[in-house]
Each structure stands twice: as C-alpha cells, then as structure tokens.
Amino acid sequence: MDIPLKTRFAPSPTGLMHFGNLRTALFNYLYAHHQGGALLLRIEDTDTGRSETHFRDAILRDLQWLGLEWQEGPFYQSERQAIYNDYYERLQQAGRVYPCFCTDEQLAITRKVQLASHQPPRYPGTCRRLTAEQIEAKSIANIPFTLRFEVANQQVVEFQDLIKGNQRFETDHIGDFIIRRGDGSASFMFCNAIDDALMGISHALRGDDHLTNTPRQILILQALNLPIPQYGHFPTILGPDGQRLSKRNGSRSIQELRQEGFLAFGILNYLARLGHHDADNTLLDLNGLSAHFELKNISLSPAHYDPIQLNFWQKEAMHHSSWQDCWQDIRTYVETYVPESSAEAFVEMVKPNLVMPGDAIPWAKAIFADIDYEDKPEVMKVIRDAGVDFYQTASTILGESLLDYPKLVSGLQQKTGLKGKALFFPLRAALTAELHGPELAKILKLLGVEKAQARLAKAVKYASHL
Ligand code: GLU
C-alpha cells in the first residue's frame, strides 16, 4: 500500500516568522500540494524558556494571512510530554541512553579545549563510563542530569537527501547527544524526530542548518524502530551582502512586511522563486505555484534576498488584485479623501501606479483635495509656457465635450495645433499639479466637469499673472 505523502511545517515559537521560516513553510506546502499530499502543522514549543504564546499566535496568524492552509494540526509538542517519556523509557530499557551529570561549565571547558586543538567539539563520553553505583550516588545527592543518547563508534550513517543527494556521516564525529534536558523536557533533536515518525511524515523539507542533526535523528529512529522520513535540506537565505539574513541587511518579519503594506501574493510569489527556479515569470496563485514546484529546481547554492525582486512581485500582486481587494489594501491610507462612492473609479485609476498601498495617498489628494503648484517649479513652468489661451480653449471645449476625453483631446489638437507631450503635459499639470501619473481620461472622469473647470480656471489665472 502506498503511504500518503505528508510534509510538515514545524516552527519553534521563539520569534516572529521571517523569510527563512516562511519559505520552509511554503516549500513544504507547495511540495505536498504538487504531489496531492497533506501538510501538517506542529508547534515545537518544548523549550519553555524561549517559546512564547504570542509568537505562536503570530505564526498562526501569518500562515492564515498568507493562505497557507494545513490539513493536520496544529499539534503542540508541549502537550506531548507523556509520549516522549514513553520513548525515553524504551531507550532506557534497550540500554541506548545514559544520564549525564556534566555541568554546563564542564561542557564549555571541554568544548574550548577541543576547539583550541582543532578538534570538532563533541561530548567526550565522560558519563558514559559511570558505574551503576556512581549513578545511584549522584541521583541520591540530587545532582541534576540530562539524558544522552549513546552513539556507537566507527559506524556510518548514510541517507539520500531529496535535494543534496547522498549524505554520509561518521558516528565518530557525532558524539553522544542530549535527548532530554535537565528539566525533563524533550530536546529538539528528539521530539522532532519522534513526532515526524508518529505523525506519519513522509517528507521533511528544511533548511540545511539542520543537515547535521539528521544523522542523529536517524539514529534515534533506528534505535526505536520507527519509520524515518525522507529529508530534503535546502540552502538557507543570505542577505544581499552574502551575510546571514538579519535586520541589518534588510530582513523583516512577515508581520512587519504586512504592516508596511506588502501583499500576501507578492511575498509568496517572491519566496517560491527564491532559491527555486520557476521558468514562469507570471504572478501565480498557490495552485499555480504548487504545480510548478520541483525539488530538482531547488538551487544548491545559497539564495540571496533581493529587495528589488520582492518589489517586482509586490507590484505584480498589486496590479493583478481585484478593485475590491485593492480598495481593502489602500483604504486606510486614503479614506479621508476618497468617498466610498468613488472607491471603484479611484482604484481603477490609481492601481497601475501603485507598488505600495501608501503610494495612493498623493493621488487621492490630487483628485479629492485642492491642488497647489506653488512649490513645484517644473509644473509652474509647464503651465506658464502653455499660456492663458491654451487653458481658455481647453475650458471651452470641456464645456462642450464634458467628460468625453477623446473629444476634449481632438478638439484641443485642432484648436491649438499641439499634440503629444506638448498637449498632455499642460493638461495634466493643470488638472493634477503633476507631470506624470494615472491615465488622464480616468482622472477627468473622477474629477467631474465642475472640478476640472475650476482647475483650468486656476491655470488661466496663474498663467495670466506672469
Ligand atoms: N523547530 C525547528 C525549527 O524551527 C524545526 C526544524 C525542522 O523543520 O525539522 O527550526
């Protein structure tokens, strides 16, 4: 029987969601959907010192905002301690683990010595050699201890990484590792592996910062006779400067991006192509992105965050949104100027000129508030150069053509002999106090005849005072 494909997103709620963990969520989502499988959500919150409920809530909110739906979960590891205890018990019975009484200070010193002599830092096995009597004595003395998994020497752990291909690790370089912390809670290494097995995860895609954890997790699962998922590790995202992605080189949380006005579809389309090649350069919905997602198209070299690309997809997302969605996005920025009854016409006019929602503000003011060109020398020059006659003629024709823009333009052409820029610049300057911007036909419609006439009159007055 075929095992159904299941991926998972397993964030630790120790901070807000950023590009890195969102891309992990997205790749798992896209892979599951491409293969007709399911995505599971698991919150890895066993580290009570660092996990916070408001981070957990923010992660769930971000996923929902992005439309990344999961089919199973959310499961919370903090509620699964009894299950982990059961598996500790099994490992203890099988003699695969031992209590470790080494203090943090002792371990830090060993580490330092190893690094100084150019050895990879690994646990030297101090407590592996304790006798039953020594263990008993320490336990009676209430010395706190962790539980370590005993890694057999001189063996090799090998697996086929779905992205990086064959991987081979010698156990001599691994060293015995902690699977239960001093406070009794499960270490990431342990509960992450146990849950993947128990939750039927067939494919685990994650950043290659976890690659060296994988042989350890395979050893745990083998010791417990539990199924091992197929792992795929992709290179993590670096900043434009090649350094770790951080605030300093432009990284922001998804929450911050949302507050800045970035659209979910822009972010998703960007991240689906960050370190993953998609020949299709058009804005796609999640179905389209899933259909195009291929593990073989994931790059083996690190992806670099590129704000220009993010902006490109933001612009695409903005331009492809429906007027209703666009209005929702820009509303808070412009509602003091734009009456609800003009929302659709305003959006249709302004949308092609938007990248961020806030870009709509100057156009809302230009149409619905009074315009001024006193502090815009280039606009004043255009109006001055066009002269009184031009605006008087425009006003007369507008009086006849009303909101028929082609009629206004052809009438003006005929009467003034002007065309192209020489005609549109002065018209635009008078109607909007700008030299570039949305289509004039749409602007005229929104202004209405009366307001347009007032602006032409203002230009007449301005031009005649010179
Ligand atoms: N909780 C881990 C993290 O956020 C999950 C790693 C994994 O995907 O296996 O890094």
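All ligand and atom numbering here is 1-based and tracks the order in the structure. Note: hydrogens, waters and symmetry copies are ignored here, and every other heavy atom, side chains too, is used. In this text, all values refer to a predicted model and were calculated from it rather than measured experimentally.
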When distances are taken from atom 10 (O) of ligand 1, the protein heavy atom at minimum range is His210 NE2, 2.9 Å

The answer for which part of Asn192 has a heavy atom under 4.0 Å from ligand 1 is side chain

| request: State whether a side-chain donor-acceptor pair under 3.5 Å links Glu136 with Ser139. | output: no

**Message:** Is it the case that atom NZ in Lys365 sees more than 12 heavy atoms from other parts of the structure closer than 6.0 Å?
**Reply:** no

- prompt: Between Glu434 and Arg428, does at least one N-O distance fall below 4.0 Å, as a salt bridge requires?
  reply: no

Check the pair Arg206, Thr214 against side-chain hydrogen bond (donor to acceptor under 3.5 Å, both in side chains), reporting the backbone distance first and the verdict last. CA-CA 11 Å; Arg206 59 187 182 181; Thr214 304; 2.8 Å; yes

The protein heavy atom nearest to atom 5 (C) of ligand 1 is Ala10 O, 3.1 Å

Looking at ligand 1, is there an atom of it that comes within less than 4.0 Å of some heavy atom belonging to Phe188? yes

For Glu44, the ligand 1 atoms with a heavy-atom partner under 4.0 Å come out as 1 (N), 2 (C), 5 (C)

For Arg206, the atoms of ligand 1 under 4.0 Å from one of its heavy atoms are 7 (C), 8 (O), 9 (O)

Atom 7 (C) of ligand 1 has as its nearest protein heavy atom Arg8 NH1, 3.2 Å

**Prompt:** Going by atom types only, do Gln328 and Gln324 share a side-chain donor-acceptor pair under 3.5 Å?
**Reply:** no

For Phe262 and Ile267 the tightest heavy-atom approach is CB-CD1, 4.0 Å

